[in-house]
Amino acid sequence: MSAIALLAEKFDRALIAAFGADFAGTDPLLAATNNPKFGDYQANLAMSLAKPLKQKPRDIATQIIAALDVSDFCEPPEIAGPGFINLRLKTSYLEAQLQHMLTDDRLGIPPIRDPQTIIVDFSSPNIAKEMHVGHLRSTIIGDAIARVLEFQGHNVLRLNHVGDWGTQFGMLITYLREVYPDALTKADALDIGDLVTFYKEAKVRFDDDEAFKEASRQAVVGLQSGEAEARQAWQLLCDQSRREFQKIYDRLDIQLEERGESFYNDALASVVHDLDALGLLQEDDGAQCVFLDGYTNKDGDPLPLIVQKTNGGYNYATTDLAALRHRVTRDRANRIIYVVDVGQSSHFEHVFQVARRAGWLTDAIEAQHVPFGLVQGEDGKKLKTRAGDTVRLRDLLDEAIDRAKADIEQRLASEDRSEPADFINHVATVVGLSSVKYADLSQNRTSNYIFSYDKMLAMQGNTAPYLLYAYVRIAGIGRKGGIDFNDFFSTVNTVITLTEQTELSLAKHLLGLEDVIETVAIELLPNRLCQYLFELSQKFNQFYDQCSILKAEETQRTARLQLCYLTAQTLRQGLSLLGINVLQRM
RNA sequence: GGGCAUGUAGCUCAGUUGGAUAGAGCAUCAGAUUCCGGUUCUGAGGGUCGGGGGUUCGAGUCCCUCCAUGCUCGCCA
C-alpha cells in the first residue's frame, strides 16, 4: 500500500475518534507538499471542516493530530499556516519499503483488487490508405493506456476499429472499375502507394461528379448487402492494407486486435430496428434519425443523429452504436475507452447519448472519449511534408531513426569510439522510436502538440534520450563494478540505509510509482507518468553527482547499489508502460 | 450564430479533488570535475497565469462576461 493510501486510512480513524462516526469517509485532502520544508505530504481537511464543525481550522487540526496514530511510519505531524497538517515519512519506513521493493518483481505494487474488463479502442487507420501522422497519437497514447491498465491487472481488450467500410470504399471500387479493374480481382495488383493515389483521384471525382457520387453510394449499398464482386474486391484491398499496417505495429511493438467497421455489418439493421422499437426513431427528409437532447443545428432546430441514410445505407454513427452495444453485451466491458482526436468529441457525445437512451449504455458502464490534439509542424500548422502532403507514418519513423543514427555516429567519432554496425542500428532504432513516442506522451494529450525532431532527440531536457541515458549510466555502474544486479541482492544481504539528502529524495520518489500509475489509470494522462520518470532521472543524476557508489565504503556501497538497481528497475518498468524499451549501452 | 477545446516565462509545456512564495525543460548568463559514461550537476535572470468582474479563510484551478486562436454544427469517417 502506498504511503498516501496508508495515511488516508489513518485519517479516517482519527476523524471518527475526534468528531464521531458522521465524519467517516471524509476526504482527508492529502497531497504531496510542494516544498520539502513542509514535509512529504500535507492534509488540507482542517480548513474545509471549519464550517461544518464551526471551529477554527487550527483547533480542528490539533484535535485530529491528537487522535492520529501514524507514529510507525511518520515523524510527529505538525500544524502550519491556517491549518495544514504536515507529515514527514520516517527514514526507517522508507528503508523498509525499499527493501520490500527489492524483492518484488512488481516493485511492491500489488495487482488491482477488482479487475475490470476494459476495451481500449485506438489507432483505427483506414483501409486503402497508408498510416499517416494523423494516426500517430491515437496509436501511441492508446497503447500506453492499455499497457498501464494491463499492468494494473485489468482484462484489457485492445481493438483496432479500422475504417474498412463505408462510402470511401464505394468510391474506390467505383473508380477502380473504371481505371484498373484488375485490382478488384487480383491480389496485390497494385502497390499500396498507387492505391493511395487512386484513392485521392477517386475522392476528387466523388466531390466533383454527381453521377460518380451516386455510383459510389450504390457500390456501398452493394457491398453492405453482400454482392459477390464488391466483396471480393474489398477483401483483396483489406488484406493488402492490413499487411502494411502490421509493419508499422511491429516496429512500434504494438499489439492490436482488428475488429473493423465491417465486423458490425450484420448488426446495423437491428440497431435501427431496435431504436425504432424503442420509439427513438424519426424519419426526416427520408433519413432515419434520432433527435438529440440538448443539441441544435445552425437554425436552432434539434440536431439529428442519422442512423440510416435516405438511400438505405448506414453510416458511422450506426456502426459506432452497433460496436458500443456489442462491447457491452458480448464483450461485457465495464469500461470502454476511445482514443480518438478531439475533433470528434461531439460525435461521441451524440452516440453515447443515444446509447444511453436506448438502454445499451448504463450507469454501471463507463464509456469515455479520450481526446487528443493535433500534431503540428514547427510553424504551428498541421504537420505536412515540404510538398504539402500528409506525412506518412513510416517516413516519419524512418526520419527519427536516421537522425538518431547521425547523432550516434557523430558522437562516436568525437569520442574516438568505434562500435559495430548492428549496435549502431539497434541504438538508433530504439532511440529514434522512443523519442517519437515519448515526445508525444510527455505532453498533456488534450492540447495540440508541436512536432520537432530536434527537441525530441535532444539529450538534455524531458526527452527519451535523457531517461535512457540515466538507465545506461546505471548499467554502466554494474559493468564497471562487475556486478550482475539480477543476482547481486540474493547473495548480498545488506539493509538499505539512507543518510544523504539526495539519497532520501531519490528514495521517496522511487516509492511514488504506485500512486502515479493509479493516477494515470484514472485520468488517462500518460504525461503524468513521463513527468514522474523525468523527475526520477533527475533525482538519480543528483544522487550520482553527490554520492560515490562503487568507491563508497561498505555497507554504504551496497545500499547505494540497491538504490541504483531500484532506479533502473523503476525506469525500465515505467518506460515499458509507455511502450519504450531501455538500452544497456548507447 | 450554437457547441467544444485551448490561452501560464523569449520558446515548448507541467500545475492532481480550490491550498502555503505559480514550477520544469530549452535558450541566455555564471559556476562545479583526483571519481562510477559531463549525454551530468549547482546557481542566476526572466510571470499583470488572455482582460475584467464574482464566489471564500484562500483562485492558474470554480462561476459570469469579454477577447484571441483552433475544431465542429444532418445523410464522409
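Every chain is numbered from 1 and lettered A, B, ... according to where its sequence line falls, protein lines coming before strand lines. Please read these numbers as outputs of a predicted model, since none were measured by experiment. Just so it is clear, the values below take in all heavy atoms, side chains as well, and ignore hydrogens, waters and symmetry mates.
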*asked:* Rounding to an integer number of angstrom, what distance separates B:rG50 and B:rG70 when you compare their C1' atoms?
replied: 15 Å
*Sequence neighbours left out, what pairs pass ring pair (Phe, Tyr, Trp, His ring centres under 6.0 Å) with at least one residue falling in residues 280-306 of chain A?*
A:Y295-A:H350
*What nucleotide, of B:rU17, B:rA77, B:rC41, holds the atom closest to the side chain of A:K309?*
B:rA77
*asked:* Can you confirm if the NZ or CZ of A:R585 lies within 45° of the ring axis of A:F423 and under 6.0 Å from the centre of its six-membered ring?
replied: yes
_Reference residue A:Y175; test side-chain hydrogen bond (donor to acceptor under 3.5 Å, both in side chains); the match among A:R205, A:E201, A:K203_ = A:E201
*asked:* Quick check on B:rC41: is either OP1 or OP2 less than 4.0 Å from any side-chain nitrogen or oxygen of A:N541?
replied: yes
Check: protein-nucleotides 33-36 of chain B nitrogen or oxygen pairs below 3.5 Å:
residue, atom, partner, partner atom, Å
B:rC36, O2, A:I549, N, 3.4
B:rC36, O2, A:L550, N, 3.0
B:rC36, N3, A:I549, N, 3.2
B:rC36, N4, A:Y544, O, 2.5
B:rC36, N4, A:C547, O, 2.8

*Are any of A:T296's side-chain N or O atoms less than 4.0 Å away from OP1 or OP2 of B:rG74?*
no
*Under the ring pair (Phe, Tyr, Trp, His ring centres under 6.0 Å) test, which residues partner A:F451, sequence neighbours left out?*
A:Y453
_Nearest to the side chain of A:K51, heavy atoms from C-beta on, is which of B:rC57, B:rU72, B:rA77?_
B:rC57
*Sequence-distant partners of A:Y466, ring pair (Phe, Tyr, Trp, His ring centres under 6.0 Å), two or more places apart*: A:F534
*Of all the choices, B:rU12, B:rA77, B:rC41, which nucleotide is nearest to the side chain of A:Y466 once you look at every atom?*
B:rC41
*Mind checking the P distance from B:rC66 to B:rC29? Whole angstroms is fine.*
46 Å
*Could you tell me whether A:D299 contacts a base, only the sugar-phosphate backbone, or nothing, with contacts defined as non-hydrogen atoms closer than 4.0 Å?*
nothing
*Would you classify A:L45 as touching base, sugar-phosphate or nothing, given that sugar-phosphate means primed atoms plus P, OP1 and OP2, and contacts are heavy atoms under 4.0 Å?*
nothing
*In whole Å, what is the span from the CD1 atom of A:I306 to the P atom of B:rC76?*
8 Å
*What interatomic distance, in whole Å, is found between P of B:rG60 and the corresponding atom of B:rG2?*
29 Å
*Contact class for A:D284 (heavy atom, under 4.0 Å): base, sugar-phosphate, or nothing?*
base
*With rounding to the nearest 0.5 Å, note down the distance linking OG in A:S537 to OH in A:Y544.*
14.0 Å
*Under the ring pair (Phe, Tyr, Trp, His ring centres under 6.0 Å) rule, collect the residues that match up with A:F263, sequence neighbours excluded.*
A:H326
_Residues touching RNA chain B, which here means a heavy atom under 4.0 Å, drawn from residues 407-418 of chain A_ = A:R411, A:E415, A:R417
_Using a heavy-atom cut-off of 4.0 Å across all strands, would you classify A:D341 as base, sugar-phosphate, or nothing?_
nothing
*Name the orientation class of the two ring planes belonging to A:F485 and A:F488 (parallel below 30°, tilted from 30 to 60°, perpendicular beyond 60°).*
perpendicular
_Side chain of A:R528 (C-beta onward), nearest among B:rG15, B:rA77, B:rU17_ = B:rG15
*Identify whether any heavy atom of A:M586 sits under 4.0 Å from a base atom; if not, whether one sits that close to sugar-phosphate; answer base, sugar-phosphate or nothing.*
base
*asked:* Nearest to the A:Q443 side chain among B:rU42, B:rC13, B:rU17, which nucleotide is it?
replied: B:rC13
*Quantified in whole Å, what is the P atom distance between nucleotide B:rU34 and nucleotide B:rG38?*
12 Å
*So, the side chain of A:R217 versus the backbone of A:G313: is there a donor-acceptor pair under 3.5 Å, distance only?*
no
*Check every strand shown and say whether A:C564 touches a base, only sugar-phosphate, or nothing at a heavy-atom separation below 4.0 Å.*
nothing
_Intra- and interstrand pairs of RNA chain B - dot-bracket, Watson-Crick/G-U under 3.5 Å, | marks other strand_ = (((((((..((((.....[...)))).(((((.......))))).....(((((..]....))))))))))))....
*Output the single nucleotide from B:rC76, B:rG15, B:rA77 whose closest atom is nearest the side chain of A:R217.*
B:rC76
*Which atom pair, heavy atoms only, marks the closest approach of A:Q584 to A:R479?*
O-NH1, 3.0 Å
*Any chance you could list the contact pattern along nucleotides 20-26 of chain B? Use B for base contacts, S for sugar-phosphate-only contacts and - for none, protein heavy atoms under 4.0 Å, 5' to 3'.*
BB--SSS
Name each donor-acceptor pair under 3.5 Å that joins a side chain in residues 28-38 of chain A to protein atoms two or more places apart or in another chain, with its distance.
residue, atom, partner, partner atom, Å
A:T33, OG1, A:N35, O, 3.4
A:T33, OG1, A:G39, O, 2.7
A:N35, OD1, A:K37, N, 3.1

Using distance only, find each side-chain donor-acceptor pair of residues 339-346 of chain A under 3.5 Å and give its atom names and separation, not counting sequence neighbours.
residue, atom, partner, partner atom, Å
A:D341, OD1, A:G343, N, 2.9
A:S345, OG, A:V342, O, 2.6

_Among B:rG15, B:rU42, B:rG74, the one nearest A:N527 by side-chain distance_ = B:rG15
*Could you list the residues that satisfy ring pair (Phe, Tyr, Trp, His ring centres under 6.0 Å) with A:F352, not counting sequence neighbours?*
A:Y338, A:F348
*Is it true that A:D454 and A:R403 make a salt bridge, defined as a side-chain N closer than 4.0 Å to a carboxylate O?*
yes
*Relative to each other, are the rings of A:W234 and A:W165 parallel, tilted or perpendicular (30° and 60° limits)?*
perpendicular
_Proximity to RNA chain B (any heavy atom under 4.0 Å), residues of residues 369-378 of chain A only_ = none
*Base, sugar-phosphate, or nothing for A:G163, non-hydrogen atoms under 4.0 angstrom?*
nothing
